[in-house]
Amino acid sequence: MTDYAKAEKAFHENRERLKSERLARDSGVPVQPSRKVRSKKVRQVTPRDLPAGQTKHAIVREWDLWTKTQPLEGKATARDARKFFLELKAKRFPTLLDFRSGSADKWQVVHGWLIDERGVSD
């Protein structure tokens with residue numbers, strides 16, 4: 001393995017670790033900082049591990065951050081919510097959309113949360 005490949009691999013591993021720690025921190029679940037340990041594999045906290053209320057809270061918080069970066073005119077619409085959902089869906093593991101929804105469509109669940117919490121127009 002070349003030095004470049006090793007550096008690239010380390011970069012991507014660190015990026016994924018930081019992403020999972022940010023998700024855990026935003027959700028309020030206490031997680032010890034992961035340390036590089038060769039003998040043990042550090043388990044990452046995923047949204048699937050979180051209770052439904054904390055997943056909802058994390059998605060609504062992400063929505064609030066996302067709307068600040070978008071040129072929205074007035075109140076956010078269902079079209080804006082769909083764009084947000086598709087951007088979340090395009091993100092790699094771990095994603096906020098990795099929650100158990102039973103037989104319900106995840107778009108419908110997230111859209112309902114956004115309507116309830118932030119008054120997104122339908």
Side-chain angles (χ1 to χ4, degrees):
M1 185 179 263
T2 67
D3 289 342
Y4 176 79
K6 289 178 185 176
E8 188 174 348
K9 181 181 176 189
F11 172 80
H12 289 293
E13 289 173 351
N14 190 43
R15 182 173 179 241
E16 291 301 318
R17 179 186 58 80
L18 291 172
K19 194 185 300 183
S20 67
E21 287 178 6
R22 180 184 59 83
L23 284 173
R25 183 180 62 245
D26 289 348
S27 68
V29 175
V31 176
Q32 294 179 352
S34 60
R35 296 180 184 167
K36 200 156 193 172
V37 178
R38 294 182 188 252
S39 62
K40 293 182 181 179
K41 192 167 191 171
V42 177
R43 184 176 180 279
Q44 295 180 342
V45 175
T46 64
R48 187 174 293 272
D49 300 330
L50 302 176
Q54 290 181 354
T55 302
K56 177 181 177 179
H57 182 71
I59 288 177
V60 170
R61 183 179 306 161
E62 196 69 28
W63 165 258
D64 290 339
L65 295 173
W66 183 85
T67 55
K68 291 177 184 176
T69 65
Q70 302 301 311
L72 301 177
E73 295 179 11
K75 193 172 186 180
T77 64
R79 187 175 188 168
D80 298 320
R82 182 69 176 172
K83 183 178 175 187
F84 166 73
F85 176 80
L86 292 175
E87 286 182 19
L88 276 182
K89 194 173 181 181
K91 288 184 180 180
R92 299 283 181 217
F93 179 81
T95 177
L96 290 174
L97 297 177
D98 189 24
F99 61 88
R100 292 184 183 100
S101 63
S103 62
D105 179 31
K106 289 186 179 185
W107 156 242
Q108 295 298 326
V109 172
V110 171
H111 187 227
W113 288 347
L114 295 176
I115 289 173
D116 293 343
E117 295 293 322
R118 293 298 181 249
V120 173
S121 63
D122 198 26

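For the numbers below, each heavy atom of this structure counts, side chains included, while hydrogens, waters and symmetry mates do not. Residue numbers count from 1 along this sequence. Everything quoted here is computed from the prediction, not taken from an experiment.
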Please check if atom CZ in R15 has more than 12 non-hydrogen atoms from other residues, nucleotides or ligands closer than 6.0 Å.
->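 Counting neighbours around CZ of R15, 12 or fewer heavy atoms of other residues, nucleotides or ligands fall under 6.0 Å, so no.
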
To the nearest 0.5 angstrom, please state how far the [atom1] atom of [X] sits from the [atom2] atom of [Y].
X    : Y    : atom1 : atom2 : value
R82  : L114 : CZ    : CG    : 12.5 Å
E117 : W113 : CD    : CH2   : 10.0 Å
Q108 : H111 : CD    : NE2   : 7.5 Å

Is L86 linked to F84 within one hydrophobic cluster, defined over Ile, Leu, Val, Met, Phe, Trp and Tyr using a side-chain heavy-atom separation of less than 4.5 Å?
->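 Yes; tracing contacts between hydrophobic side chains, which count when under 4.5 Å, links both residues.
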
Listed partners of E73 passing side-chain hydrogen bond (donor to acceptor under 3.5 Å, both in side chains), at least two apart =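 Residues passing side-chain hydrogen bond (donor to acceptor under 3.5 Å, both in side chains) with E73: none at all.
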
Closest approach of L88 and E62, non-hydrogen atoms and distance?
->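 Smallest interatomic distance, heavy atoms only, reads CD2-CG, 4.2 Å.
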
Considering non-hydrogen atoms only, spot the tightest contact between K106 and L97 and give its length.
->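 Of all heavy-atom pairs spanning K106 and L97, the closest is NZ-O, 2.8 Å.
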
Electrostatic pair R17-E13, nearest N-O below 4.0 angstrom =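 No, R17 and E13 are not salt-bridged.
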
Do K83 and W66 come within less than 4.5 Å of each other through their side chains, counting heavy atoms only?
->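 Yes, at least one pair of side-chain atoms sits under 4.5 Å.
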
Does a side-chain heavy-atom distance below 4.5 Å link V120 with W63?
->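 Yes; the side chains approach each other to less than 4.5 Å.
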
Would you find a donor on one side and an acceptor on the other, under 3.5 Å apart, between the side chain of D80 and the backbone of T77?
->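 Here the side-chain-to-backbone pair exists.
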
